[in-house]
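This report concerns only the one structure given below.
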Amino acid sequence: MAMNLTQKILSVHLLSGELKPGTEIAVRIDQTLTQDSTGTMAYLQFEAMGVQRVKTKKSVAYIDHNTLQTGFENADDHKYIQTVTRKHGIWCSKPGNGICHQVHLERYGVPGYTLLGSDSHTPTGGGIGMIAIGAGGLDVAVAMGSGVYHMICPKVVAVRLTGKLPRGVAAKDIILEVLRRLTVKGGVGKVMEYVGDGVATLTVPERATIANMGAELGATTSVFPSDETTLAFLRAQDRAQDFTPLAADPGAVYDEELTIDLGALEPMVALPHMPDNVQTVREAGPLKVDQVFIGSCTNSSYQDMMRAAAILRGKTVHPDVSLVIGPGSRQVLSMLARNGALADMIAAGARILETACGPCIGMGQSPCTGAVSVRTNNRNFYARSGTKSAGIFLVSCETAAATALAGVLTDPRTLDTDLTVAQPERFEINDNLVIPPVEPGHEDEVEVVRGPNIQPFPIGKALPEAVSGEVLLKMEDNITTDHIMPSNAKLLPYRSNIPHLSDYCLSPVDETFPARAKAAGGGILVAGQNYGQGSSREHAALVPLYLGIRAVLAKSFARIHRDNLINNGILPLVFADEADYDAVAQGDTLSLPGIRAAIAAGQEHVTVRDERTGREIPALLPLTERQRGMLLAGGLLNYSREQSNG
Ligand code: MIC
Ligand code: SF4
């Protein structure tokens, strides 16, 4: 049977199940990645599993998120990660080496391999023909320890690209157009597979930009074929041996299809506070801008930076704009330093940041009150920049650089700058900030260093016969993990300290929530569509678990967050009839009598009783056998222990 590329890669990695959308499959994981803000927890969980060495072909731990080091906490986390990885067979990319997704693409991604990462933008690897999936830290810990990942088999959508991008229109504009059409929940349960003659016109970093932001569609991942362009990229990284040509079979069948004429696109912008709130730059008009950020895992490749430098060369940043630039990796930064582009940026008035996530996750450079901040990153969620009153506008590097000069949102097609940047024949290669693990048999020689910031994490309890609790918070559609467990320069240092984080849980929605949850000793959450979209952070489940949240009743869930809830023993219930959402009020008591027995019996339909109104609310709880086991046991760690004890 003719297969699409997703099916081809998944089928050679399939360990159990069938490639039937909606059913559970287990796949072999070739590579894993973690970053520091999810990694400390993932390695604590890996240690709790008691496995000596990872079972993957390559596992890499990146330190790229928490690099501000305003106190001892981040540096302690770095030490812990560097030592624990060295002991257990994992490579460690030290701070300064770059953003995980950019570095992984440059140095480690392999076409046709599977990659599981504890970061939602792991799908960036799809730019090089990988099936690269973001997951919670515990799933990544299990994949490191066993080489296996359980997932729901996705549908596959063909995104057919035709023609060629006009000058001044970028890969970022393609994915913003996909988001405009499909919305932030349009990709849930799906892989976006890029096909068509337009694919060959895009470089690997451009493909990676598109695959990266497929995360904002809620997609399981995105994937591009591996072709001559992929080979040229790998050759320039001195990795031609990692190349395999890969494409869908002729006549391959897809579950859905979408066509984009590249020639008809124009520069786009996502307005606050959602990445699918997209307009053309022309429609948005000449908005006055306070800050511009060029960087992040979406847009910080060599070519992106060179295009920004070309626009800035010989000019001066508008006096009312603060321009910050963070190249994505040390490879990119040192190449810009050698060829003079960095000097051009500095001369134009750019503030140069270290190669890390930085402003994208509110680690510094929070804009001023009420600011308009134009950025090349992928998320513009409420409060994520660290300034609640600011609005983040997402654009391409070209639009960002043109805007920094003009002081107002500017269509880069109005400039006469030559924007062609050839891929270098050879990238500058220097892997000396990547620390290898000890050889097998030498594990005992490594002492794992744990500073005082490393605190134990909560573990769920077996599900009781019945669950009941107060609706502590009723929320709208599209609540993000940045709402559930905010992350910024003040909170990210505490990713290994759940008790500290618990005082901030859901505070962007309601500042009184943490205190109320503690006073009530736990309860239930009610939400709208797409609850938990965004980050892979398991903390958005671990912290509610710590606060005693036993269930979330929502109209629908984002994939990674739903998995994280189940992994931690929290029930993800879905309204069978969305109209019932309106009948539930904050403060009501909801009861699920006999829920344990219902789950054990494999019932997918359960009843939630609203004690105030007496209303019986039908809810859905579709679970695989394994997920049922996890919920009954109180989470994945308990379940795995039960399994291994027979
Ligand atoms: C993000 O972009 O939101 C993050 C920070 O990279 C997260 C991971 C985290 O919360 O640590 C993600 O995308 O998964
Ligand atoms: Fe880092 Fe931002 Fe990318 Fe997340 S989205 S990995 S915070 S650069």
Side-chain angles (χ1 to χ4, degrees), residues 33-42 61-68 74 77 81 93 95 98-105 116-125 132-137 139-140 175 208-209 211-216 218-219 221 275 293-301 304 324 326-329 332 353-365 375-386 392 394 480-489 491-496 501 532-543 558-561 563-564:
L33 72 76
T34 58
Q35 39 87 339
D36 49 324
S37 63
T38 54
T40 43
M41 196 54 72
Y62 293 90
I63 301 178
D64 56 356
H65 279 62
N66 293 346
T67 57
L68 268 187
N74 289 340
D77 285 0
I81 292 174
S93 170
I99 306 174
C100 53
H101 310 303
Q102 176 66 27
V103 178
H104 207 83
L105 193 77
L116 194 74
S118 63
D119 191 281
S120 66
H121 291 103
T122 304
T124 312
I133 300 175
D139 277 325
V140 177
I175 188 63
T209 294
N212 173 283
M213 241 183 130
E216 275 53 69
T221 191
F293 166 53
I294 303 179
S296 89
C297 60
T298 318
N299 278 116
S300 58
S301 65
D304 268 336
V324 285
S329 68
V332 173
L353 305 178
E354 74 171 318
T355 58
C357 298
C360 176
I361 187 58
M363 287 303 267
Q365 305 298 329
R375 299 181 168 204
T376 65
N377 50 257
N378 44 39
R379 288 185 175 145
N380 56 351
F381 298 148
Y382 172 69
R384 183 175 157 102
S385 68
I392 307 296
L394 307 176
T480 74
T481 44
D482 280 298
H483 290 102
I484 306 171
M485 196 51 259
S487 282
N488 52 41
L491 292 181
L492 264 178
Y494 298 99
R495 280 293 182 88
S496 342
L501 289 182
Q533 68 158 323
S535 157
S536 65
R537 65 189 70 141
E538 205 181 358
H539 305 74
L542 279 167
V543 174
R559 175 185 63 89
I560 306 179
H561 186 59
D563 287 349
N564 284 338

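Quick caveat, the model's predicted, so the values are computed rather than measured. Atoms within a ligand are numbered from 1 in the order they appear, just like the ligands themselves.
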Write out the residue and atom name of the closest protein heavy atom to [atom], then the distance separating them to 0.1 Å.
{"atom": "atom 8 (C) of ligand 1", "value": "Q35 NE2, 3.1 Å"}
{"atom": "atom 11 (O) of ligand 1", "value": "S37 OG, 2.6 Å"}
{"atom": "atom 13 (O) of ligand 1", "value": "S120 OG, 2.6 Å"}

### Task
Spell out the protein N/O/S atoms under 2.8 Å from atom 2 (Fe) of ligand 2 as residue plus atom name.
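Listed by chain and number: C360 SG.
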
### H101: numbered ligand 2 atoms lying under 4.0 Å from its heavy atoms
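Here the atoms of ligand 2 in question are 6 (S).
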
### Task
Output the list of atoms in ligand 2 that are nearer than 4.0 Å to some heavy atom of R384, sorted by atom number.
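Heavy-atom distances to R384 below 4.0 Å select 2 (Fe), 5 (S), 7 (S).
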
### Task
Calculate, to the nearest 0.5 Å, the distance between atoms CD and CG belonging to E216 and N378 respectively.
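The distance works out to 4.5 Å.
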
### Query
Which one holds for D64 and ligand 2: side chain close, backbone close, both close, or neither close, with close meaning a heavy atom under 4.0 Å?
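Neither part.
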
### Task
Mind checking whether M213 contacts ligand 2 via backbone (N, CA, C, O), side chain (CB onward), both or neither, at a 4.0 Å heavy-atom cut-off?
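For M213, there is no contact with ligand 2 at all, from either part.
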
### Query
When the ring planes of H104 and Y62 are compared, do they come out parallel, tilted or perpendicular, using 30° and 60° as the limits?
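Plane angle over 60°, so perpendicular.
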
### Task
Could you pull out all residues at least two apart from A132 that satisfy side chain to side chain contact (heavy atoms under 4.5 Å, CB included)?
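Residues passing side chain to side chain contact (heavy atoms under 4.5 Å, CB included) with A132: L115, T122, M130.
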
### Query
Does ligand 1 have an atom under 4.0 Å from some heavy atom of H539?
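For ligand 1, residue contact (heavy atoms, under 4.0 Å) with H539 is absent.
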
